[in-house]
Participant: 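What follows is a single structure, and I will ask about it in a moment.
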Amino acid sequence: MAYLPHTETERASMLEAIGVPRIEDLFDAVPSAHRFPDLDLPEAVSEIEILSELQAMSEANVDMQHFACFLGAGAYHHFIPSVVDHILRRNEFYTAYTPYQPEISQGTLQAVFEYQSLVCHLTGMEVSNASHYDGATALAEAVILALNHHRGARREVVLSPAIHPHFREVVRTYMQGLDVSLRGDDTLANDSAALSRMIGPATALVAVQYPDFLGRIEDFTSLAESVHAAGALLCVVVNPLALGMLRPPGEFGADVVVGEGQSLGIPLSFGGPYLGIFTTKNEFVRKMAGRLVGETVDSRGQRGYVLTLTPREQHIRREKATSNICTNQGLMALAAAVYLSEMGKHGLRRVAELCYHKAHYAADALGAIPGYRRWGEGPFFHEFVLACPRPVSEINERLLEYEILGGFDLGSVYPDLQDHMLVAVTELNTKEEIDDLASALKEVAHA
């Protein structure tokens with residue numbers, strides 16, 4: 001149907017009733033100084049011409065189909081099975097809104113329930129919502145949960161400096177005006193012992209990343225014990241795909257597990273839309289933001305799905321709402337559910353292992369180039385830090401000449417890591433691409 005509800009005859013009739021001959025005459029009441037100026041638009045062109053121009057403009061972009069990509073830092077280039085997009089584009093899902101009426105929304109509700117179940121299984125947690133805007137928003141909502149849990153008695157949050165810098169910025173934005181003290185993210189000390197020393201009687205939450213922003217893997221079991229001994233909560237920010245081979249946070253004492261779900265079947269898309277994963281323990285479910293779908297039976301004993309909890313200000317009394325977050329990324333949650341279902345636990349582990357082994361091959365190859373070295377020690381997943389002989393921005397500019405998208409410039413977020421590059425390797429990076437990167441880095445080292 002056309003979204004032009006009025007005919008020319010109807011418009012003329014309305015103007016006659018108003019008493020003006022033209023629509024433009026209605027704007028005479030607005031002083032000319034406050035009107036939007038007339039647009040100086042070029043002459044109209046045909047659809048064929050504009051498509052040709054837009055195609056030429058799009059080809060000026062660097063894309064992953066033509067360039068090898070070693071840029072990660074929170075958004076990753078992974079293979080997405082075609083079935084994911086096929087399911088998303090079914091109009092039953094593509095156009096669905098919040099399933100307020102369960103009797104006509106069983107498909108959407110079941111999809112959300114399956115997503116929650118899969119994410120809980122992946123993280124080792126007991127309950128999941130569905131879902132948040134992105135990983136940064138999910139972390140900020142975890143802080144709100146901890147503050148609400150302690151009923152305002154604790155007003156301090158310890159953030160690991162190795163949490164994604166953008167995530168920490170969003171937390172700081174959320175905390176403005178709430179009289180909350182944020183500690184820990186002004187140093188590169190990320191080990192459990194350093195974070196444990198920051199915990200005090202006013203600490204509501206300690207948040208860490210696993211693997212961390214620099215790619216490192218740490219066992220946070222001892223930190224969880226220290227956090228709980230102090231009466232605080234532990235939040236773990238995860239890369240969900242890494243959990244295909246790593247121990248889930250629920251097994252080492254996490255109270256809340258959040259993360260960015262983009263790696264689960266969601267394309268890069270110039271930065272979004274993405275998916276905020278949020279899981280927790282049953283005891284905190286009524287302090288969790290967002291919506292929760294539950295399984296039940298109807299009056300005939302048949303299995304059915306309903307919105308079990310929706311603790312947002314639109315659904316319950318405003319003063320009892322846990323958050324004013326007003327939507328979820330339902331379509332992205334569906335993409336993650338389809339991806340996880342398609343891959344299965346063995347497929348997910350295989351992808352994680354490919355990322356791991358290819359990244360370690362790359363680390364050995366790049367670290368052996370004169371002038372470069374791998375920064376840091378210990379295990380890592382599919383990202384590592386490479387110390388470079390010249391500014392990363394200059395190196396990345398030169399790498400484009402080799403049709404390679406280089407790693408993330410860590411000096412832009414960590415002053416102590418000037419001339420250090422965060423290199424990401426996924427299952428889509430071939431051995432030939434990694435070898436080409438090594439050759440290119442060697443050539444541009446001192447050029």
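We count residues from 1, following the sequence as given.
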Participant: Give me the ring orientation class for Phe113 and Tyr305: parallel if the planes are under 30° apart, tilted from 30 to 60°, perpendicular past 60°.
Facilitator: tilted
Participant: Can you confirm whether Leu309 sits close enough to Arg286 that some side-chain heavy atom of one is under 4.5 Å from a side-chain heavy atom of the other?
Facilitator: yes
Participant: Would Ser46 and Glu49 count as having a side-chain donor-acceptor pair, cut-off 3.5 Å?
Facilitator: yes
Participant: Does any pair with a residue in residues 393-406 pass salt bridge (charged side-chain N to carboxylate O under 4.0 Å, His left out), and if so which ones, sequence neighbours excluded?
Facilitator: Arg390-Glu394, Arg398-Glu401
Participant: Which residues pass the side chain to side chain donor-acceptor pair (under 3.5 Å) test with Glu59, sequence neighbours left out?
Facilitator: Gln55
Participant: So, using side-chain contact (heavy atoms from CB on, under 4.5 Å) as the criterion, who are the partners of Val351 when residues are at least two apart?
Facilitator: Leu241, Tyr339, Met343, Cys355, Glu427
Participant: Only counting residues at least two apart or in another chain, list the ones meeting side-chain contact (heavy atoms from CB on, under 4.5 Å) with Arg300.
Facilitator: Asp298, Gln302
Participant: Less than 4.5 Å apart, any side-chain heavy atom of Pro240 and any of Ile277?
Facilitator: yes
Participant: Closest heavy-atom contact between Glu260 and Gly74?
Facilitator: CG-O, 3.9 Å
Participant: Evaluate the ring planes of His166 and His164, with Trp represented by its six-membered ring, and classify them as parallel (under 30°), tilted (30 to 60°) or perpendicular (over 60°).
Facilitator: tilted
Participant: Looking at His150, I'd like to know if its NE2 atom is crowded, meaning that more than 12 non-hydrogen atoms belonging to other residues, nucleotides or ligands lie closer than 6.0 Å.
Facilitator: yes
Participant: For Lys281, I'd like to know if atom NZ has over 12 heavy atoms of other residues, nucleotides or ligands within 6.0 Å.
Facilitator: yes
Participant: Is the count of non-hydrogen atoms from other residues, nucleotides or ligands lying under 6.0 Å from Arg350 atom CZ greater than 12?
Facilitator: no
Participant: Where do Ala207 and Ile163 come nearest, in terms of heavy atoms and distance?
Facilitator: O-CD1, 3.3 Å
Participant: Going by the rule ring-ring contact (aromatic ring centres under 6.0 Å, His included), which residues pair with His360 if we only count those two or more places apart in sequence or in a different chain?
Facilitator: Tyr356, Phe380
Participant: Grab the two heavy atoms, one from Ala142 and one from Val258, that are nearest each other, plus how far apart they are.
Facilitator: CB-CG1, 4.2 Å
Participant: For Ala333 and Tyr115, work out which heavy atoms get closest and say how close.
Facilitator: O-CD1, 3.3 Å
Participant: If only atom types and distance count, is the side chain of Asp134 paired as donor or acceptor with the main-chain N or O of Gly276 below 3.5 Å?
Facilitator: no
Participant: Looking only at side-chain N and O atoms, does Tyr414 offer a donor or acceptor that is under 3.5 Å from a partner on Asp409?
Facilitator: no
Participant: Report yes or no: do His77 and Asn429 form a side-chain donor-acceptor pair below 3.5 Å?
Facilitator: no
Participant: Of all the heavy-atom pairs spanning Val84 and Val338, show the shortest one and how long it is.
Facilitator: CA-CG1, 3.8 Å
Participant: As an exercise, state the distance from CD of Glu383 to CZ of Phe408, rounded to the nearest 0.5 Å.
Facilitator: 10.0 Å
Participant: Looking at Ile48, is its backbone amide N or carbonyl O close enough to the side chain of Ser52 to form a donor-acceptor pair, meaning the two atoms are under 3.5 Å apart?
Facilitator: no
Participant: Taking Arg183 for its side chain and Met198 for its backbone only, find out whether a donor-acceptor pair lies under 3.5 Å.
Facilitator: yes
Participant: Is Leu145 close to Leu233 at the side-chain level, that is, under 4.5 Å between some pair of heavy atoms?
Facilitator: yes
Participant: May I ask you to test the Pro267-Ile80 pair for a side-chain heavy-atom distance under 4.5 Å?
Facilitator: yes
Participant: Is there a donor-acceptor contact under 3.5 Å from the side chain of Asn61 to the main chain of Asp63?
Facilitator: no
Participant: Please, which pairs that meet salt bridge (charged side-chain N to carboxylate O under 4.0 Å, His left out) have at least one residue in residues 64-88, sequence neighbours excluded?
Facilitator: Asp85-Arg89
Participant: Using modelled atom types only, decide if a donor and an acceptor are shared between the side chain of Ser196 and the backbone of Leu223 within a distance under 3.5 Å.
Facilitator: no
Participant: Please assess Lys358 against Leu428 for the test side chain to side chain contact (heavy atoms under 4.5 Å, CB included), listing each intermediate value before the final yes or no.
Facilitator: CA-CA 10 Å; Lys358 290 187 175 188; Leu428 290 180; over 6 Å; no
Participant: I'd like to know whether Ile199 forms a side chain to side chain contact (heavy atoms under 4.5 Å, CB included) with Val206, so could you lay out the CA-CA distance, the side-chain angles of the two residues, the decisive distance to 0.1 Å, and finally the verdict.
Facilitator: CA-CA 8 Å; Ile199 302 171; Val206 176; 3.9 Å; yes
Participant: Taking Asn91 for its side chain and Tyr94 for its backbone only, find out whether a donor-acceptor pair lies under 3.5 Å.
Facilitator: no
Participant: Does the side chain of Leu307 reach to within under 4.5 Å of the side chain of Pro102, using non-hydrogen atoms?
Facilitator: no
Participant: Check the pair Leu234 / Leu205 against side chain to side chain contact (heavy atoms under 4.5 Å, CB included), numbers first and verdict last.
Facilitator: CA-CA 6 Å; Leu234 176 65; Leu205 179 78; 6.0 Å; no
Participant: Using a 3.5 Å distance criterion without hydrogens, assess whether the side chain of Thr308 forms a donor-acceptor pair with backbone atoms of Gly294.
Facilitator: yes
Participant: Is atom CD of Glu103 surrounded by more than 12 heavy atoms (other residues, nucleotides or ligands) closer than 6.0 Å?
Facilitator: yes
Participant: Let me confirm one number: the OG1-CG distance from Thr426 to Leu354, rounded to the nearest 0.5 Å.
Facilitator: 9.5 Å
Participant: State, yes or no, whether a side-chain contact exists between Leu410 and Leu214 at a heavy-atom distance under 4.5 Å.
Facilitator: yes
Participant: Below 4.5 Å, heavy atoms only, C-beta onward: do Leu122 and Leu348 meet side chain to side chain?
Facilitator: yes
Participant: Could you tell me whether a side-chain N or O of His228 sits under 3.5 Å from a main-chain N or O of Ala224, the two making a donor and an acceptor?
Facilitator: yes
Participant: Applying side-chain contact (heavy atoms from CB on, under 4.5 Å), can you list everything that pairs with Ser222, at least two apart in sequence or on another chain?
Facilitator: Ser192
Participant: Only pairs at least two apart or in different chains count here, so list each side chain to side chain donor-acceptor pair (under 3.5 Å) that has a residue in residues 231-249.
Facilitator: Thr221-Arg247, Asn239-Ser263
Participant: Checking side chain to side chain contact (heavy atoms under 4.5 Å, CB included) for the pair Glu433/Leu437: CA distance, chi angles, key distance, verdict?
Facilitator: CA-CA 6 Å; Glu433 288 179 346; Leu437 173 62; over 6 Å; no
Participant: Can you list everything that forms a side-chain contact (heavy atoms from CB on, under 4.5 Å) with Val127? Sequence neighbours excluded, please.
Facilitator: Thr280, Asn282, Val285, Met288, Leu292
Participant: Salt bridge or not for Arg155 and Asp179, using N-O below 4.0 Å?
Facilitator: no
Participant: Assess whether atom CZ of Arg172 is packed by more than 12 heavy atoms of other residues, nucleotides or ligands within 6.0 Å.
Facilitator: yes
Participant: Taking Ser160 for its side chain and Ala162 for its backbone only, find out whether a donor-acceptor pair lies under 3.5 Å.
Facilitator: yes
Participant: The criterion is ring-ring contact (aromatic ring centres under 6.0 Å, His included); which residues satisfy it with Phe70, sequence neighbours excluded?
Facilitator: none
Participant: Quick one: list whatever passes ring-ring contact (aromatic ring centres under 6.0 Å, His included) with Phe67, sequence neighbours left out.
Facilitator: none
Participant: Below 4.5 Å, heavy atoms only, C-beta onward: do Leu118 and Ser341 meet side chain to side chain?
Facilitator: yes
Participant: Examine the side chains of Glu156 and Thr203 and answer whether a donor and an acceptor come within less than 3.5 Å of each other.
Facilitator: yes
Participant: Under the ring-ring contact (aromatic ring centres under 6.0 Å, His included) test, which residues partner Tyr210, sequence neighbours left out?
Facilitator: Phe252
Participant: List the atom of Leu139, the atom of Cys235, and the distance in Å for their closest heavy-atom pair.
Facilitator: CD1-SG, 3.9 Å
